[in-house]
Amino acid sequence: MAQLPIDLTLRLPDPAWIVADPAELGLPGAAFAATRPEPGGVFAPLLTVSGGLRDAGEDVAVVADESLAVFAEQVADAEVVDRVTSGTPTAPGVSQVLAGRTPLQGRQREVRQAQVVATAPTRDGDRRAVVVFTLTCLAEQLGTLGPQLQSFVASARPEGA
């Protein structure tokens with residue numbers, strides 16, 4: 001399991017989410033994972049958290065582009081359908097929604113990945129802690145689960161805060 005550059009306390013947005021081992025889900029780069037199994041469902045949505053340290057001068061859009069590249073390795077026709085920058089010059093952020101298609105139960109399904117890239121400067125100022133919160137779900141689930149990603153991100157607090 002990967003580690004985050006800062007220790008976070010997280011609260012799942014709803015009791016239907018179940019914490020899972022990222023490695024068992026084939027997500028070695030994730031520090032945290034939760035799945036939301038749905039009886040008879042085609043796909044169990046996933047919440048993941050990953051991150052690392054980056055150079056302070058690096059544009060946060062680079063991290064968002066890297067996430068798109070990883071998504072494109074997993075699905076067909078990957079594209080950014082929405083991207084918004086936020087934050088401050090010392091702690092910039094990006095929110096984005098990615099779209100793609102993947103075969104599930106014998107047919108192509110539209111999948112979405114909603115991401116929030118949050119950053120914070122390190123004490124020395126030369127590096128930036130980057131944390132990526134990701135929701136992966138079917139396109140038709142995004143309207144319901146997107147607000148749950150927002151709630152999950154809002155719950156994140158540095159440990160001891």
Side-chain angles (χ1 to χ4, degrees), residues 1-54 59-87 92-119 129-157:
M1 179 176 353
Q3 284 207 253
L4 293 174
I6 55 175
D7 292 327
L8 292 177
T9 298
L10 302 165
R11 185 174 36 85
L12 291 171
D14 163 322
W17 290 97
I18 299 169
V19 174
D21 181 348
E24 288 181 14
L25 296 174
L27 304 166
F32 175 88
T35 185
R36 187 185 169 108
E38 296 181 7
V42 174
F43 178 80
L46 272 166
L47 282 173
T48 60
V49 183
S50 58
L53 291 172
R54 306 297 281 255
D59 189 335
V60 72
V62 170
V63 177
D65 289 339
E66 290 171 356
S67 293
L68 173 61
V70 169
F71 187 63
E73 292 173 2
Q74 302 164 346
V75 301
D77 304 323
E79 65 177 335
V80 176
V81 293
D82 189 31
R83 184 180 282 179
V84 177
T85 58
S86 59
V94 171
S95 298
Q96 66 180 3
V97 177
L98 310 176
R101 292 180 304 109
T102 194
L104 294 169
Q105 295 184 347
R107 63 178 248 213
Q108 288 290 318
R109 299 294 299 249
E110 293 289 324
V111 293
R112 297 292 181 267
Q113 202 169 75
Q115 299 177 329
V116 175
V117 179
T119 68
V130 176
V131 179
V132 182
F133 300 87
T134 303
L135 165 69
T136 305
C137 62
L138 296 174
E140 61 265 23
Q141 297 170 315
L142 187 60
T144 302
L145 298 179
Q148 290 193 14
L149 173 64
Q150 294 171 340
S151 174
F152 182 61
V153 171
S155 81
R157 298 280 181 265

Give the minimum heavy-atom separation between Leu4 and Gly51, together with the two atoms involved. CD2-N, 3.7 Å
Taking distance alone, no hydrogens or angles, what donor-acceptor pairs closer than 3.5 Å link side-chain atoms of residues 98-106 to residues at least two apart or in another chain?
from   : atom 1 : to     : atom 2 : distance (Å)
Arg101 : NE     : Asp77  : OD2    : 2.9
Arg101 : NH1    : Gln108 : OE1    : 3.3
Arg101 : NH2    : Asp77  : OD2    : 2.3

Val19 and Leu12: CA distance, side-chain angles, deciding distance, side chain to side chain contact (heavy atoms under 4.5 Å, CB included) verdict: CA-CA 9 Å; Val19 174; Leu12 291 171; 3.8 Å; yes
Output the distance between atom CD (Glu110) and atom CD (Glu140), rounded to the nearest 0.5 Å. 9.0 Å
Under 4.5 Å between any side-chain heavy atoms of Leu10 and Phe32, yes or no? yes
Should Val75 and Gln113 be marked as a side chain to side chain contact (heavy atoms under 4.5 Å, CB included) after you check the CA-CA gap, both sets of side-chain angles, and the distance that decides it? CA-CA 11 Å; Val75 301; Gln113 202 169 75; over 6 Å; no
Taking 4.0 angstrom as the limit, do Arg83 and Asp65 come out as a salt bridge? yes
Cut-off 3.5 Å, no hydrogens considered: what does the side-chain donor-acceptor table look like for residues 145-152, sequence neighbours left out?
from   : atom 1 : to    : atom 2 : distance (Å)
Gln148 : OE1    : Trp17 : NE1    : 2.6
Gln148 : OE1    : Arg36 : NH1    : 3.2
Gln148 : NE2    : Asp14 : OD2    : 3.4

Drop me the distance from Asp82's CG to Ser95's OG, to the nearest 0.5 angstrom. 8.5 Å
Within a strict 4.5 Å, meaning less than it, do heavy atoms of the Pro37 and Ile18 side chains meet? yes
Atom CG in Leu53, atom OG1 in Thr119: separation rounded to 0.5 Å? 11.5 Å
Nearest heavy-atom contact between Pro5 and Gly52 is CG-O, 3.3 Å
Closest approach of Cys137 to Pro45 (non-hydrogen atoms, all atoms of both residues): CB-CB, 4.1 Å
Side chain to side chain contact (heavy atoms under 4.5 Å, CB included) for Leu135 and Val116? Distances and angles first, verdict last. CA-CA 9 Å; Leu135 165 69; Val116 175; over 6 Å; no
Rounding to 0.5 Å, atoms OG1 (Thr35) and CD (Glu24) come to a distance of 12.0 Å
Is any side-chain heavy atom of Leu46 closer than 4.5 Å to a side-chain heavy atom of Leu27? yes
Counting distance only, does the side-chain N/O of Gln96 pair as donor-acceptor with the main-chain N or O of Ala64 below 3.5 Å? yes
Identified side chain to side chain contact (heavy atoms under 4.5 Å, CB included) partner of Phe133 from the options Leu47, Thr48, Leu8, Val117: Leu8
Which value, rounded to the nearest 0.5 Å, describes the distance between Phe71 atom CZ and Arg112 atom CZ? 8.0 Å
Side chain to side chain, Val80 and Leu68, heavy atoms closer than 4.5 Å: yes
